[in-house]
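Step one of this worksheet: look at the structure below.
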Amino acid sequence: MTVPLIDVVNVSKAFGPKVVLSDVNLSVEEGESLVVLGGSGTGKTVLLRTIMGLLTPDQGHISVEGKIIHQLSWQELFEVRKHIGMCFQMAALFDSMTVFENVAFSLRRHTTMTSAEIQFRVEECLGLVGMKGTDQLKPAELSGGMKRRVGFARAIALKPKILLFDEPTTGLDPVMTDVIGRVILDLKHELGVTTITITHDLKSAFEIADRIALLFRGEVIACEKPEAFKVNPNAVVQQFLRGDADGPFLLDPPPPKRSQSTVSHSPLNV
Amino acid sequence: MLQTFLDPLGSRILGALDQAGDFAVLSGRTFRAVFRRPFDGENLMRQFLAVGVNSVPVVVLTSLAVSAVFAVQLAFGFKQFQAEGLASQVEGLAVVRELAPVITGLMLAGRVGSAMAAELGTMQVTEQIDALECLATDPIHYLFVPRLLAAALMVPLLTGLSIYVGYWGGYLLLVGAEGQSAVVYQSEFYKLLAFKDVRIALTKALVFGLIIALVGCWRGYRTRGGAEGVGNAPTSSVVTSSLWILIADFFLTKLLLV
Ligand SMILES: Nc1ncnc2c1ncn2[C@@H]1O[C@H](COP(=O)(O)OP(=O)(O)O)[C@@H](O)[C@H]1O
Ligand SMILES: [Mg+2]
């Protein structure tokens, strides 16, 4: 068996008394796309940040390319990070810089490319995410979906082996959601990268995924191929797939749905 | 009863030690990062501009006002002893040794340190600092170092400017308003001063510059909790660095004058 590119082993993480991840195990093979589903606040971002080494796990470890992240020195950690592109939930573009400077940032710092080569690479990256011709704009002039795509371009500039997407489609309209889903698929095919994508959007999840994991109350309760995931008998999985409020998913279930006949002051009945 | 009093006190003290330790660790990392590659000249020039050039008007105006007002009091005070001639000597002493470095330090803590805290604080809560880390860039090296270098160079330079302006502030008042002789003022201003005093002034300014940059960056870097956190960062940076400037001034004066 090959060594997985990203291996999350028995990872637990708590903030004070609040346990966010408990005993999470995940592994991603080279070239594979893993989609992580999960409700809001279940620790999906915390998981990605732990993989990037921005947070240290309380227990367990994460290895990337066979190196255990939290045992590396600063220098070694930065070397590993050059092989990982992280796309933040809110894009996290440098707002004092133009789009061009954002995408060129790591090229300028970590390579010896000439400015003509950098220009070429930045245009190539912006082209891959469908954002050509925006290079002189500031992040404040972009819409949410455009910011995310510039964030993608910045993440792929150094040709990473791994791409991590944190809720790339949340808060976007359905059309833009589809655009982003397509960009991710394109990147996956054109660059042949290994990806971990966090999303709530089931449609793009099933398009992107080689395997789907569901994070529920800090634990991975399912991790399997999309076809198997669809028919997983677990009640939580089925509730998430239906998008229904009733079921074991929520700790404090909402009040039962009103039936139409009990609504006495419906404006439609006047 | 005693415990209800001691418990919060204990946790206060531990909290303060925690903060001091955190500040010391980050400062140490900043000094070590100064000579690390890559060298980012463009970024450094931007900081020189923000810290130095853009602070010139504020430093000129405050130095002029404070030195002139101080000369008013000196002229009045020495007049009580029929010793008006001493006013220019004491003015020189006060401007070079105390007023110029402290006024420059305090004004820059307000103008520059708070801006650093606000900028880094915003970057922190919008995850831009995390993004830097993910792009394999040490935020200490990329953000702290140019600000530290700019403040360490610019605060002494601006203190020099402040001394020059202070000379003319005193001149304006003692020669212009009080009618003292210009030739006498020119020689009396330096009478109590030695070259050592300029060195003292610049040493103080250097230390103040380090305090301003490190505290401003530290408060910004440690910002938590959205808009409110970003709002608090500059305030607490100005209060903290002003306090430390005054404390450092006291000890430096005592130590360097020996
Ligand atoms: N730095 C932090 N300090 C304290 N609590 C945190 C921190 N980061 C995340 N959390 C908590 O961890 C939980 C999971 O957060 P997150 O991973 O952002 O959720 P999501 O799955 O929506 O991305 C949240 O309840 C949040 O309060
Ligand atoms: Mg999240």
Just wondering, are more than 12 heavy atoms of other shown residues or ligands nearer than 6.0 Å to [atom1] in [X]?
| X | atom1 | value |
| --- | --- | --- |
| A:M113 | CE | yes |
| A:Q59 | CD | no |
| A:F15 | CZ | yes |
| B:E228 | CD | no |
| A:E30 | CD | no |

Lys/Arg-Asp/Glu bridge criterion (N-O < 4.0 Å) met for A:R109, B:D40: yes
Can you sort out the partners of [X] under salt bridge (Lys or Arg N to Asp or Glu O under 4.0 Å), two or more places apart, ordered by chain and number?
| X | result |
| --- | --- |
| B:D130 | A:R49 |
| A:D58 | A:K13 |
| B:K204 | B:E98, B:D249 |

Contacts with chain B made by residues 128-148 of chain A (heavy-atom distance under 4.5 Å), listed by residue number: none
Segment of B:L132 engaging chain A (4.5 angstrom heavy-atom cut-off): both
Which portion of B:R46 sits near chain A, non-hydrogen atoms under 4.5 angstrom: neither
Euclidean distance, B:Q128 CD relative to A:M97 CE, rounded to 0.5 Å: 8.5 Å
Per-residue contact mode, A:L164 against chain B (heavy atom under 4.5 angstrom): neither
Which atoms of A:I84 approach chain B - backbone, side chain, both or neither, heavy atom under 4.5 Å: backbone
For [X] versus [Y], what's the shortest heavy-atom pair and its separation?
| X | Y | answer |
| --- | --- | --- |
| A:F88 | B:C134 | CZ-SG, 3.7 Å |
| A:F105 | B:L135 | CD2-CD1, 3.8 Å |
| B:E127 | A:M90 | OE1-N, 4.5 Å |
| A:A92 | B:T126 | CB-O, 3.6 Å |

Beyond-backbone contact of A:W74 with B:H141, side-chain heavy atoms, under 4.5 angstrom: no
Side chains of B:E133 and A:R81 in contact at under 4.5 Å (non-hydrogen atoms): yes
Top contributor to chain A contacts, counting heavy-atom pairs under 4.5 Å, from B:R37, B:M123, B:R29, B:E119: B:R29
Pairs of heavy atoms under 4.5 Å with chain B: top-ranked of A:M52, A:K82, A:M86, A:H110: A:H110
Ring centers of B:Y142, A:F94 separated by less than 6.0 Å: no
